[in-house]
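Computed from a predicted model, the values in this text were never measured in an experiment.
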Amino acid sequence: MKKTFLVFMLTMLSATGCIAQTNNTANAQVTSEVSTVSQTEEQEKNMININLKIGNKSFYARLYDNEATGQLIKKFPVTYNMTELHGNEKYYYMSDPLPENREKPDTINKGEIMLYGNDCLVLFYDTFSNSYSYTRLGYIEDTTGLEEALGKGGVSIGFEVVK
């Protein structure tokens with residue numbers, strides 16, 4: 001009888017520990033999600049609004065508030081003659097390097113603006129799987145008509161900060 005009672009008590013204590021651990025894990029997850037939402041809201045507040053001019057079409061974009069974009073917008077307003085690559089991106093090698101904070105996104109989304117290495121500005125106009133590392137700079141809000149505006153081959157793109 002004592003053995004049965006002991007097994008029963010150990011089982012109950014073990015279950016209570018699991019429930020407590022589950023509650024702690026759930027609380028940590030909720031705290032993490034709230035923290036992530038707060039960080040996202042803070043990042044959204046600090047984003048830099050820019051305009052990209054491609055031919056007679058304008059695209060509103062948002063740049064993240066980071067070291068690379070801080071250095072990049074010091075060059076604005078500027079027009080870069082960007083080169084076609086792979087049927088999904090336009091790029092331009094800048095004369096001055098920018099600070100890097102590379103990451104390897106699994107997917108590149110249409111309209112993303114990134115830095116390859118420390119001196120290659122890239123504008124993506126297609127969504128695809130990725131295996132390269134980039135520093136995220138920002139994104140175009142509404143990519144409707146982007147591919148058509150960019151056309152085939154090289155293109156001049158004007159960048160300016162929206163006041």
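Ring geometry for Tyr64 against Tyr139 counts as tilted: the plane angle lies between 30° and 60°, on a 0 to 90° scale. Below 30°, between 30° and 60°, or above 60°: for Tyr134 and Phe124 the angle between ring planes is above 60°, a perpendicular geometry.
Thr79 and Ser156 make their closest contact through CG2-CB, 3.9 Å (heavy atoms, listed as atom of the first residue, atom of the second, distance). Across Gly151 and Glu84, no two heavy atoms sit closer than the pair O-OE1, 4.4 Å. Scanning both residues, Ala149 and Lys57, for their nearest heavy atoms gives CB-CB, 4.4 Å. When all heavy atoms are compared, the tightest approach of Pro99 to Ala68 is O-CB, 3.2 Å. Closest heavy-atom contact between Ile73 and Gly70: CG1-O, 3.6 Å. Considering every non-hydrogen atom in both Arg102 and Thr135, the closest pair reads N-OG1, 3.6 Å.
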Chi angles and distances behind the side-chain contact (heavy atoms from CB on, under 4.5 Å) call for Leu150, Leu123
CA-CA 10 Å; Leu150 292 170; Leu123 170 60; 4.2 Å; yes

Run Tyr80 and Ile157 through side-chain contact (heavy atoms from CB on, under 4.5 Å) and show every step you take.
CA-CA 5 Å; Tyr80 294 128; Ile157 302 177; 5.6 Å; no

Output, in order, the C-alpha distance, side-chain angles, deciding distance and verdict of side-chain contact (heavy atoms from CB on, under 4.5 Å) for Lys75 and Asp96.
CA-CA 10 Å; Lys75 302 171 185 303; Asp96 299 320; 3.5 Å; yes

Pair Leu121-Leu72, side-chain contact (heavy atoms from CB on, under 4.5 Å): steps then yes or no:
CA-CA 9 Å; Leu121 180 66; Leu72 180 63; 4.2 Å; yes

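The closest side-chain heavy-atom distance from Asp126 to Lys110 is not below 4.5 Å. Residues Tyr116 and Tyr132 meet the side-chain proximity criterion, which asks for heavy atoms closer than 4.5 Å. Looking at heavy atoms from C-beta onward, Leu63 lies out of side-chain contact with Met47 at the 4.5 angstrom threshold.
A salt bridge links Arg136 with Glu112; the closest basic N to acidic carboxylate O contact falls under 4.0 Å.
For the atom pair Ser131 OG and Phe128 CZ, the distance stands at 9.0 Å (nearest 0.5 Å). The structure places CD1 of Ile50 at 11.0 Å from CD of Glu141, a figure rounded to the nearest 0.5 Å.
With Thr127 contributing its side chain and Asn109 its backbone, the two residues share no donor-acceptor pair below 3.5 Å. Side-chain atoms of Thr69 never come within 3.5 Å of backbone atoms of Leu137 as a donor-acceptor pair (strictly under, hydrogens ignored).
Atom CD of Glu67 has 12 or fewer neighbouring heavy atoms from other residues, nucleotides or ligands inside a 6.0 Å radius. In this structure, Asn101 places its CG atom where only 12 or fewer heavy-atom neighbours from other residues, nucleotides or ligands lie under 6.0 Å away.
Grouping the Ile, Leu, Val, Met, Phe, Trp and Tyr side chains by contacts below 4.5 angstrom, directly or via other members, places Ile113 with Leu98. Note on Met94: it does not cluster hydrophobically with Tyr91, by side-chain heavy-atom contacts below 4.5 Å among ILVMFWY residues. Residues Tyr93 and Met82 do not share a hydrophobic cluster, clusters being chains of Ile/Leu/Val/Met/Phe/Trp/Tyr side chains in contact below 4.5 Å. Placement of Leu146 and Leu85 in two distinct hydrophobic clusters is found when ILVMFWY residues are connected by side-chain heavy-atom separations under 4.5 Å, directly or transitively. The hydrophobic cluster containing Leu115 also contains Phe159, counting ILVMFWY residues as joined when their side-chain heavy atoms lie under 4.5 angstrom apart, directly or transitively.
For Tyr125 and Phe59, the ring centers sit 6.0 Å or farther from each other.
Ile140 pairs in a side chain to side chain contact (heavy atoms under 4.5 Å, CB included) with only one of the listed residues (Thr144, Asp142, Thr143), which is Thr143.
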